[in-house]
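Both backbone and side-chain heavy atoms feed into the values below; hydrogens, waters and symmetry mates do not. Everything quoted here is computed from the prediction, not taken from an experiment. In each ligand, atom 1 is the first atom listed, and ligand 1 is the first ligand listed.
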Amino acid sequence: MSSEDKYSILLPTYNERENLPIIVWLLVKSFTESKHEFEIIVIDDGSPDGTLEVAKQLQTIYGESKIVLRPREKKLGLGTAYIHGIKHATGNFIIIMDADLSHHPKFIPKFIAKQKEKDYDVVSGTRYSGDGGVYGWDLKRKIISRGANYVTQVLLRPGASDLTGSFRLYKKSVLEKLVQSCKSKGYVFQMEMIIRARQFNFTIGEVPISFVDRVYGESKLGGNEIFQFAKGLLFLFATT
Ligand SMILES: Nc1nc2c(ncn2[C@@H]2O[C@H](COP(=O)(O)OP(=O)(O)OP(=O)(O)O)[C@@H](O)[C@H]2O)c(=O)[nH]1
Ligand SMILES: [Mg+2]
């Protein structure tokens with residue numbers, strides 16, 4: 001283990017009051033056990049449920065060097081939340097994950113080990129390879145996710161098995177370059193990141209993860225998201 005490495009975990013939150021204390025506790029536990037340097041950057045977009053107040057309490061428990069708060073006034077979307085978070089990150093590695101407990105911190109040591117194996121630029125969690133999987137989704141959502149992955153595989157041949165997931169580890173410099181070159185917003189953003197990574201010849205490692213549907217809070221995947229995804233996919237197909 002190289003002692004200079006530091007991992008900045010970006011947690012974008014919108015109405016995650018119940019989930020945030022649990023994910024933070026799990027993260028702190030995991031990093032304390034693995035003895036890696038870390039910071040958790042919470043990017044809350046003015047959640048009406050008071051997520052930010054919960055985050056402030058967590059900061060008093062774990063300290064300001066471990067819990068960094070970078071809130072924004074209102075809901076401005078995930079893509080810009082990442083950009084905002086990266087600006088404040090002090091680690092040389094960045095981990096992006098959802099705060100709704102769909103992504104379990106227990107996989108992070110595997111991401112880190114995988115990254116070191118071949119000094120990968122990106123390590124992507126995958127639900128669609130090895131013993132990865134999805135739990136708690138209904139058939140419709142499974143078909144949509146599988147379908148989106150499959151169509152993208154055929155059209156763009158990205159060289160990664162899970163394109164729409166967002167549980168990933170990046171070298172900070174690599175993530176900065178990817179984010180700058182990505183044009184899409186919304187769900188298609190995760191996919192564009194991987195497509196661009198391949199374009200720039202960045203190396204991508206994969207770690208099988210189990211994805212568990214959110215326990216608290218509401219899901220927003222609807223017809224509009226699917227339409228936006230299809231639009232974004234066609235745009236990438238036409239331009240890359
Ligand atoms: N800061 C910020 N965070 C967001 C925004 N939209 C979603 N998030 C957070 O981003 C993560 C992923 O969003 P989710 O709502 O879980 O999206 P999803 O996993 O596709 O859908 P469900 O879990 O089914 O609702 C979660 O931690 C959300 O709280 C936003 O506009 N701004
Ligand atoms: Mg979710």
A.B. asks: For D44 and ligand 1, does the shortest N/O to N/O distance drop below 3.5 Å?
C.D. replies: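 Between D44 and ligand 1 (N or O atoms, distance only) the closest approach is not under 3.5 Å.
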A.B. asks: Looking only at N, O or S atoms in D100, which is nearest to the Mg ion (ligand 2)?
C.D. replies: OD2
A.B. asks: Would G77 count as a polar contact of ligand 1, with the cut-off being nitrogen or oxygen pairs under 3.5 Å?
C.D. replies: yes
A.B. asks: Under 4.0 Å from a heavy atom of R214: which atoms of ligand 1 are those, numbered in the order shown and with their elements?
C.D. replies: 14 (P), 15 (O), 16 (O), 22 (P), 23 (O), 25 (O)
A.B. asks: Look at D98 and state whether any of its N, O or S atoms is less than 2.8 Å from the Mg ion (ligand 2).
C.D. replies: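 Of the N, O and S atoms in D98, none lies under 2.8 Å from the Mg ion (ligand 2), which means no.
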A.B. asks: Who's closest to atom 26 (C) of ligand 1 heavy-atom-wise, of Q190, M97, E16?
C.D. replies: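 Answer by nearest heavy atom: E16.
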A.B. asks: Which option out of N19, L76, D45, I43 puts a heavy atom nearest to atom 32 (N) of ligand 1?
C.D. replies: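 Comparing heavy atoms across N19, L76, D45, I43, the nearest one to atom 32 (N) of ligand 1 lies in D45.
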A.B. asks: Is any side-chain heavy atom of S181 less than 4.5 Å from a side-chain heavy atom of F200?
C.D. replies: yes
A.B. asks: Consider every N or O of R72 and every N or O of ligand 1, then say whether any pair is closer than 3.5 Å.
C.D. replies: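 Such a contact does not occur with ligand 1.
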A.B. asks: With respect to atom 27 (O) of ligand 1, which of G136, A99, G165 exhibits the smallest heavy-atom separation?
C.D. replies: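 Of the listed residues, A99 has the closest heavy atom.
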A.B. asks: Quick check against the 3.5 Å criterion: does K172 have a side-chain atom that pairs as donor or acceptor with the backbone of A89?
C.D. replies: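 Answer holds: yes.
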A.B. asks: Listed by chain and number, what are the side chain to side chain donor-acceptor pair (under 3.5 Å) partners of D138, not counting sequence neighbours?
C.D. replies: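 With neighbours one apart ignored, the set is empty.
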A.B. asks: Is S102 in contact with ligand 1, taking contact as a heavy-atom separation below 4.0 Å?
C.D. replies: no
A.B. asks: Looking only at heavy atoms, which two atoms of T60 and Q57 are closest? And how far apart?
C.D. replies: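 Taking T60 first and Q57 second, the nearest heavy atoms are OG1-O, 2.6 Å.
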A.B. asks: Indicate, with yes or no, if F211 and L26 share a hydrophobic cluster defined by side-chain heavy-atom contacts under 4.5 Å among Ile, Leu, Val, Met, Phe, Trp and Tyr.
C.D. replies: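 No, no single cluster joins them.
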A.B. asks: Angle between ring planes, Y7 versus F31, binned at 30° and 60°: parallel, tilted or perpendicular?
C.D. replies: tilted
A.B. asks: Where on R141 is there a heavy atom closer than 4.0 Å to ligand 1, on the side chain, on the backbone, on both, or on neither?
C.D. replies: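 The part of R141 near ligand 1 is the side chain, not the backbone.
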A.B. asks: For residues S124 and E206, is any side-chain donor paired with an opposing acceptor at under 3.5 Å?
C.D. replies: no
A.B. asks: Kindly identify the option in N15, L78, I23, T13 whose heavy atom sits closest to atom 10 (O) of ligand 1.
C.D. replies: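 Nearest option to atom 10 (O) of ligand 1, by heavy atoms: L78.
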A.B. asks: Calculate, to the nearest 0.5 Å, the distance between atoms CD1 and CG belonging to I209 and D162 respectively.
C.D. replies: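 The CD1 atom of I209 sits 6.5 Å away from the CG atom of D162.
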